[in-house]
Participant: 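Input: one structure, supplied below.
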Amino acid sequence: MLRLTEVKLPLAHAEGEIKAAIVKRLGIDDDELIGHIVYKRGVDARKPNAILFTYTLDVTLREEAAILGRFKNDPHVSITPDTGYHFVTHAPSDFIADPLSLRGRARVGEGDADFFLKSDSKRPIIIGMGPAGLFAGLILAQMGFRPLILERGKEVRERTKDTFGLWRQGVLNPESNVQFGEGGAGTFSDGKLYSQIKDPRYLGRKVLEEFVKAGAPEEILYVSHPHIGTFRLVGMVERMRETIQSLGGEIRFESRVDDIAIINGQVTGVVLASGEHIATSHLVLAVGHSARDTFEMIHKRGIY
């Protein structure tokens with residue numbers, strides 16, 4: 001498959017004009033083109049009287065090697081890069097992921113060392129279920145590690161009620177609001193999905209593909225500045241949660257982590273606001289930018 005860039009067409013072009021543009025650009029016959037995929041579509045508005053769509057296209061041809069050889073000095077014709085997501089590992093078939101917990105103990109101290117060492121669990125724990133926590137949970141679940149996600153706020157629909165309660169009635173729930181809860185702060189920012197950071201591993205592609213699986217329109221895969229809207233995003237977050245759960249993951253809402261147990265420099269578990277201890281040796285902090293109490297806690301624990 002070859003990638004063509006800077007293919008420009010009028011805004012009102014017909015679908016068939018893309019194929020015609022590929023054939024013309026490469027100087028091939030119609031039957032040499034097997035198919036094409038729109039990878040990216042932007043807008044060239046530098047000339048107000050001649051605004052154009054600018055396409056990046058992945059094309060399948062009968063004689064790709066020969067055609068690539070003809071265009072070896074053309075920077076706009078190249079081999080299509082691998083944009084697929086590659087998991088770094090998978091859980092072993094005998095992976096045990098049941099976290100052992102102990103209720104009713106309110107703090108972690110020297111006397112808790114035996115408990116955490118004896119009941120150590122391989123199951124990863126993620127703190128927070130904004131974008132980072134959601135995708136950390138999804139990736140770990142897809143790798144077979146059955147993660148446990150702890151979110152201090154509520155599930156997204158209940159959280160939406162609390163947030164609108166603040167905006168419309170001035171009633172603040174400190175644990176369920178614009179900042180805290182399933183979906184993270186971006187849930188109420190119209191669901192903008194573009195970034196200007198460099199992405200040489202095409203990790204953003206994985207994000208967009210998962211959003212499409214969860215109900216986003218397919219156009220977000222190729223439009224240059226996609227967004228999906230808050231109300232559609234709510235349903236997508238719910239479906240992504242269901243995917244994590246279907247793969248063996250667990251999500252617990254209204255479960256604020258108040259402390260992290262560290263023994264000999266190794267994380268051994270977390271303590272919830274309820275006093276419950278949950279053992280783990282693998283912890284992902286995905287707490288967002290507003291969990292100041294969590295920042296204070298990890299600072300006291302000496303976590304950089």
Side-chain angles (χ1 to χ4, degrees), residues 3-8 37-46 51-58 75-76 78-88 126-143 147 149 151 153 156 159-160 163 177-241 243-244 284-291 294-295:
R3 174 161 290 183
L4 306 184
T5 61
E6 295 295 313
V7 177
K8 297 186 177 183
I37 299 170
V38 176
Y39 180 76
K40 187 67 68 177
R41 187 189 72 193
V43 176
D44 183 349
R46 288 175 293 180
I51 299 176
L52 302 170
F53 278 134
T54 302
Y55 287 97
T56 297
L57 304 168
D58 290 333
H76 300 303
S78 60
I79 296 175
T80 299
D82 179 6
T83 60
Y85 184 79
H86 300 281
F87 294 101
V88 296
I126 301 161
I127 304 177
M129 201 176 176
L134 182 64
F135 274 91
L138 180 64
I139 296 297
L140 286 167
Q142 290 173 338
M143 290 194 294
I149 303 178
E151 167 57 54
V156 67
R159 174 194 175 206
T160 300
T163 300
N177 47 63
V178 175
Q179 305 296 348
F180 299 140
E182 183 181 26
T187 307
F188 302 101
S189 64
D190 200 31
K192 295 179 179 65
L193 302 177
Y194 50 89
S195 171
Q196 295 183 358
I197 65 169
K198 294 181 179 179
D199 188 18
R201 295 169 57 197
Y202 300 99
L203 301 181
R205 189 75 177 179
K206 169 68 170 174
V207 172
L208 297 179
E209 288 173 349
E210 292 296 342
F211 280 155
V212 170
K213 291 178 185 177
E218 288 194 17
E219 70 173 22
I220 70 169
L221 293 174
Y222 59 83
V223 296
S224 57
H225 290 84
H227 74 277
I228 52 181
T230 291
F231 293 103
R232 178 175 277 166
L233 183 60
V234 167
M236 290 165 49
V237 168
E238 289 178 319
R239 284 186 283 274
M240 294 178 73
R241 179 214 309 162
T243 298
I244 293 170
V284 178
L285 285 172
V287 299
H289 59 50
S290 295
T294 305
F295 300 152

Participant: For the CG atom of Leu138 and the CE atom of Met143, what is their distance to the nearest 0.5 Å?
Facilitator: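 That separation rounds to 10.0 Å.
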Participant: The criterion is side chain to side chain donor-acceptor pair (under 3.5 Å); which residues satisfy it with Ser78, sequence neighbours excluded?
Facilitator: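 Listed in chain order: nothing, the list is empty.
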Participant: Grab the two heavy atoms, one from Pro147 and one from Ile126, that are nearest each other, plus how far apart they are.
Facilitator: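 Closest approach of Pro147 to Ile126: CB-CD1, 4.1 Å.
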Participant: Who passes side-chain contact (heavy atoms from CB on, under 4.5 Å) against Val234, sequence neighbours left out?
Facilitator: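 Counting only residues at least two positions away or on another chain, Val234 forms a side-chain contact (heavy atoms from CB on, under 4.5 Å) with Val156, Arg157, Thr160, Thr187.
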Participant: Are any non-hydrogen side-chain atoms of Tyr39 and Leu57 less than 4.5 angstrom apart?
Facilitator: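 The answer is no; the side chains never approach within 4.5 Å.
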Participant: Rounded to the nearest 0.5 Å, how far apart are CG of Leu208 and CG of Leu193?
Facilitator: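 It comes to 6.0 Å.
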Participant: Do you know the tightest heavy-atom contact between Val38 and Tyr222?
Facilitator: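 Closest heavy-atom pair between Val38 and Tyr222: O-CB, 3.7 Å.
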Participant: Go through the structure and list residues passing side chain to side chain donor-acceptor pair (under 3.5 Å) with Ser224, not counting sequence neighbours.
Facilitator: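 Ser224 satisfies side chain to side chain donor-acceptor pair (under 3.5 Å) with no other residue.
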Participant: Side chain to side chain donor-acceptor pair (under 3.5 Å) with Lys8: which residues, sequence neighbours excluded?
Facilitator: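 For Lys8 the side chain to side chain donor-acceptor pair (under 3.5 Å) partners, ignoring immediate neighbours, are Asp44.
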Participant: Could you tell me which residues satisfy ring-ring contact (aromatic ring centres under 6.0 Å, His included) with Tyr202, sequence neighbours excluded, listed by chain and number?
Facilitator: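 Result, ring-ring contact (aromatic ring centres under 6.0 Å, His included) vs Tyr202: none returned.
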Participant: The criterion is salt bridge (Lys or Arg N to Asp or Glu O under 4.0 Å); which residues satisfy it with Glu209, sequence neighbours excluded?
Facilitator: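 Counting only residues at least two positions away or on another chain, Glu209 forms a salt bridge (Lys or Arg N to Asp or Glu O under 4.0 Å) with Arg205.
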Participant: Which atom names give the shortest non-hydrogen contact between Pro131 and Gly184, and what distance separates them?
Facilitator: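 That closest heavy-atom pairing would be CD-CA, 4.2 Å.
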Participant: Supply the atom-to-atom distance Leu221 CG to Lys40 NZ, rounded to the nearest 0.5 angstrom.
Facilitator: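 Reported to 0.5 Å precision, the distance equals 8.5 Å.
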Participant: Who pairs with His86 by ring-ring contact (aromatic ring centres under 6.0 Å, His included), at least two apart in sequence or on another chain?
Facilitator: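 So His86 forms no ring-ring contact (aromatic ring centres under 6.0 Å, His included) with any residue.
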Participant: Are Glu6 and Thr54 side-chain neighbours, meaning at least one heavy-atom pair lies under 4.5 Å?
Facilitator: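 Counting from C-beta outward, Glu6 and Thr54 do come under 4.5 Å.
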Participant: So which atom in Gly133 and which in Ile149 form the shortest heavy-atom distance, rounded to 0.1 Å?
Facilitator: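 Where Gly133 meets Ile149 most closely, the heavy atoms are O-CD1, 4.0 Å.
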Participant: Got more than 12 heavy atoms from elsewhere within 6.0 Å of CZ, Arg239?
Facilitator: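 Above 12, so yes.
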Participant: Could you grab the distance from atom CD1 of Ile244 to atom CG of Leu134, nearest 0.5 Å is fine?
Facilitator: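 Answer for the CD1-CG pair, Ile244 versus Leu134, is 5.0 Å.
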Participant: Output a table of donor-acceptor pairs, distance under 3.5 Å, between side-chain atoms of residues 212-220 and any protein atom two or more places apart or on a different chain; print 'none' if there are none.
Facilitator:
none

Participant: Does CD1 in Ile79 sit with more than 12 non-hydrogen atoms of other residues, nucleotides or ligands closer than 6.0 Å?
Facilitator: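 For Ile79, atom CD1 is not crowded (no more than 12 foreign heavy atoms under 6.0 Å).
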Participant: Could you tell me which residues satisfy salt bridge (Lys or Arg N to Asp or Glu O under 4.0 Å) with Asp199, sequence neighbours excluded, listed by chain and number?
Facilitator: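 Once residues adjacent in sequence are excluded, Asp199 has no partner under the salt bridge (Lys or Arg N to Asp or Glu O under 4.0 Å) criterion.
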Participant: Which residues pass the ring-ring contact (aromatic ring centres under 6.0 Å, His included) test with Phe211, not counting sequence neighbours?
Facilitator: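 Scan of Phe211 (ring-ring contact (aromatic ring centres under 6.0 Å, His included), adjacent residues dropped) gives Phe135.
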Participant: With sequence neighbours excluded, what pairs up with Asp58 under the side chain to side chain donor-acceptor pair (under 3.5 Å) test?
Facilitator: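 Asp58: side chain to side chain donor-acceptor pair (under 3.5 Å) contacts with Arg3, Thr80.
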Participant: Locate the shortest heavy-atom distance separating Gln142 from Lys206; write the atom from each residue and the value.
Facilitator: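 Reported closest heavy-atom pair: OE1-NZ, 3.1 Å.
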Participant: Could you measure the distance from the CZ atom of Arg232 to the NE2 atom of His227? Nearest 0.5 Å is fine.
Facilitator: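 Arg232 atom CZ to His227 atom NE2 measures 9.5 Å (nearest 0.5 Å).
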Participant: CD of Gln179 to CZ of Phe188: how many Å apart, nearest 0.5 Å?
Facilitator: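 One gets 10.5 Å once the value is rounded to the nearest 0.5 Å.
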Participant: For Arg159, check salt bridge (Lys or Arg N to Asp or Glu O under 4.0 Å) against everything at least two apart and list the hits.
Facilitator: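 Here no residue qualifies.
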